Amino acid sequence: MELESLYRPHGVEERWQRTWEDEGLYRADADDPRPTYVIAVPPPNVTGALHMGHALNGSIQDALIRLHRMQGYNTLWQPGYDHAGISTQAVVERELREQGTSRFELGREKFVERVWEWLHEYGGIIMGQFRRLGCSLDYERERFTMDDGYVRAVMRFFVHLYERGWLYRDNRIINWCSDCRTSISDLEVEYIDVDDALTYARYPLMNGEGSVTIATVRPATILADVAIAVNPDDERYTHLIGKEAIVPVVERRVPIIADERVDPSFGTGALKVTPGHDPIDFEIGRDHNLPELTVIGFDGRMTGDIPPEYDGLTEDEADELVVQWLRDHDQLEKRESYRHAVGHCERSGTRIQPLVSLQWWCDMKEMAAPAIEAIETGRVRFHPPVQNRVALDWLKSIRPWNVSRQLWWGHQLPIWYCPDGHVICSETEPDACTECGSRTLTRDEDVLDTWFSSALWPFATLGWPDDTPDLRRFYPGDVNSTAREIIFLWEARMIMAGLELMRDIPFRDVIIHSTILAADGRRMSKSLRNGIDPIDLIDEHGADATRYGLLRMSSTQDVRFSAQSIEEGRRLANKLWNASRLLLMGGEADVELRQSSLEERWILARIDATRAELERDLAAFDFAHAAERLYHLTFDDFCDWYLESIKPRLSEPDVRATAFAALERLLKLLHPIMPHVTEEIWSHLPNRETRLIVAPWLESTGEFAAELNALEDAQTAARIYRRSGVRINVSGDAKRIFEAVVRPTENGQGDVEAERTRLAKEIQRSEKMLANEKFVANAAPDVVEGERQKLAQFRAELDALGN
RNA sequence: GGGCGCGUAGCUCAGCGGGAGAGCACUCGCUUCACACGCGAGGGGUCGCUGGUUCGAUCCCAGCCGCGCCCACCA
């Protein structure tokens, strides 16, 4: 068979992707009695496309899945999508806007239909892109957080929490995004530094004895002021506590109160209290029974009980009007520029408006406790371990979760109200009010936070709330791999939900992988246009090279994208291809260990040792070292040493048979990271009975392990001699290896002197250390002994050079 | 404001108490019959700075100087 000298991944990769899937090799079966290995893919947004994070994470998960599949586990990699409430609704709303209409014109029912249509046409492309990466998900099991079964799971979860008494409805201050037109959770708020003006305004005292000055960045909210607060220990103001002041513009009389939350060092030390539009003020207001006035509406415009000229203004316009009023009434002390962090909506980038609003909340305290216990006892482990503490810190100070969203796309709350004000929580639509029998029920308009349903992913995808064979077989899973920013939003909540509903952790290990930054060190982003599309990488270098490169550059911390790593992967695939060609061109042969010459025993021992190291790397989720190790094994050990040494004897069938056996082992080790090129080569090897993807992993042989160390010492020595160009005499089997490596340098001489100098320096350093009594006395005995041995070896080497 | 992490060869990163490493890039030599996406040989680093602990510090501790991330109610 004619094989090109340049490995071309295109065509080859697609062919194997189709074959593997068509032959059902990705499939997991609940009836398969072997031990299970389960990963549920973090469900990507149904509207999204594959980005670098997905590609890295896909490479990580697939490497683990393929390893375990070969190791004989009943392996399930669960695929699927998240309905991504806000993003998806925003995408469809944008399209409607372009068509000159809106969701309000369509109405809720038509709008939701429209979203489904949009998704059928444009959504759900990522699973195809995962296939292109070679990811061996069990695609037939694809789930969606809005499919019928999943909706049932979400309803059950909500009702469960309601019956537990953890869900409640309350008027509290929330983060309102006037662009998305919904509340968002604290975790979805991003703080960005903003240049604002700090306005100092004088509030006259009711008793006419002067005024008190406050500082604010939001003058418009003065209209909603209901008090002035000072720190009880602030002597400048103690005499004012209990008195009254007059709010500018609206001329409202408000009390001056004392509260420890006021920082005397900020501004003037006096705080205007606006419970309707500020989170701290809200807390202060609740504690002092203050009214919660609203002057900014859900559309971001001025509203409520305010002077008519303010009605409908934007906040900025109202700010200016208030400042002008202050100026006109000589109550503006000063304005100064002020830079501070302001919350913005993570998705739309809009400045968050803190608003008081009636929302559903979930108290998380009781659910957090078992999750804390699971992490503290190590039943769930984050990798790298520093993330255990990050998760614990958050769980230990967990706050109520605002679970309702004012959207139409999502899981509508299973809550109905009757005219008498009774609340019915039910998985299915009730016929009548359970308390008063009223039949005119109205369902709560809100939908649930997207992450509410994501929390159920590890078991809702397996059929929960039904007791299915899949659920019994594949829960709990083993690993979950994700990006750092998802630890609280998703990981913590899956652990809590799993422990609450399934009474067991959803997985044992959580991998927090690198964020791959752009080459300039900033985050890849659409607006910066510094992103790299993984599909372009696959098109250019192949999926194997892309997978290898991403794993090679990954780390426990953020890394800059390295095109070199991808190229390294491409070279590795090519090298492997050509090494295989060398053997295949030698003609037919069996695949069998026939010979046991020294170099053959050596490569088999190297492969076995690398297998053990690779298993350790992967068990520690250290993919970068795993990749590096495989590169070294292929290039240095297999090609440069082993193949070079047997080349002259390749015409012997026994030599080829043994070489095929070694190659076979090498391919197995590489397959989890570079599945396509290895499967392709495998298919060309003689007598293939099975696909590589399901071929059994290498057993630990321990073969020739004892010889390995001695041989490697010999190699090292050989390298030194080669460097110095000196021929040496060896006997027996070792001679062949030595002859392979100990060639005279070009002029037959080499720089013996340089090597002597190097050794002399080492000897001097070592002697000095051993002469140091404190070293010999204080250092660990094995360290001292090691140093003695090194010294002996240096001396021996110097002798061998013939000084 | 609190916490975490990072500053090691030109670049991207390993190493984290006892001889400074890898890949790429660079220099030199090889159209050797698997691969020039190759082979061989090299050059290149006061391991951010300053102190401390130690027989010994790139590695541990403290303080600075840079860079990044997370959390947080300073209006």
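Owing to the predicted nature of the structure, the values given are computational and were not obtained by experimental measurement.
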Check your understanding: Quick one: ring-ring contact (aromatic ring centres under 6.0 Å, His included) pairs with a partner in residues 543-568 of chain A, sequence neighbours left out?
Key -> none
Check your understanding: Considering only the C1' atoms, how many Å lie between B/rC39 and B/rC35, rounded to the nearest integer?
Key -> 10 Å
Practice item. Identify all stems in which RNA chain B takes part, counting only runs of at least 3 consecutive pairs (Watson-Crick or G-U wobble, each distance under 3.5 Å), and give each as one range with another, ordered by first number. Key: B:1-7 with B:65-71, B:10-13 with B:21-24, B:26-30 with B:38-42, B:48-52 with B:60-64
**Study point:** Contacts of type salt bridge (charged side-chain N to carboxylate O under 4.0 Å, His left out), residue A/Asp617, not counting sequence neighbours
**Key:** A/Arg629
Practice item. Please confirm whether any donor atom in the side chain of A/Glu4 sits under 3.5 Å from an acceptor in the base of B/rA34, or the reverse. Key: no
Check your understanding: Counting just side-chain N and O atoms, does A/Lys575 come under 4.0 Å of either OP1 or OP2 of B/rC39?
Key -> yes
Practice item. Quick one: sort the A/Tyr642 and A/Phe638 rings into parallel, tilted or perpendicular, breaks at 30° and 60°. Key: tilted
Exercise for review: Using the C1' atoms only, state how far B/rG23 lies from B/rA9, rounded to an integer number of Å.
Suggested key: 12 Å
Review point. For A/Glu190, what residues pass the salt bridge (charged side-chain N to carboxylate O under 4.0 Å, His left out) criterion, not counting sequence neighbours?
Key: none
Exercise for review: Provide the distance between the two P atoms, one in B/rU31 and one in B/rU12, to the nearest whole Å.
Suggested key: 36 Å
Check your understanding: Relative to each other, are the rings of A/His383 and A/Phe621 parallel, tilted or perpendicular (30° and 60° limits)?
Key -> perpendicular
Study note, to complete from the structure: Within residues 552-563 of chain A, the residues having a heavy atom closer than 4.0 Å to RNA chain B are A/Ser555, A/Gln557, A/Val559, A/Arg560, A/Ser562
What's touching nucleotides 70-72 of chain B from the protein side, N or O pairs under 3.5 Å?
none

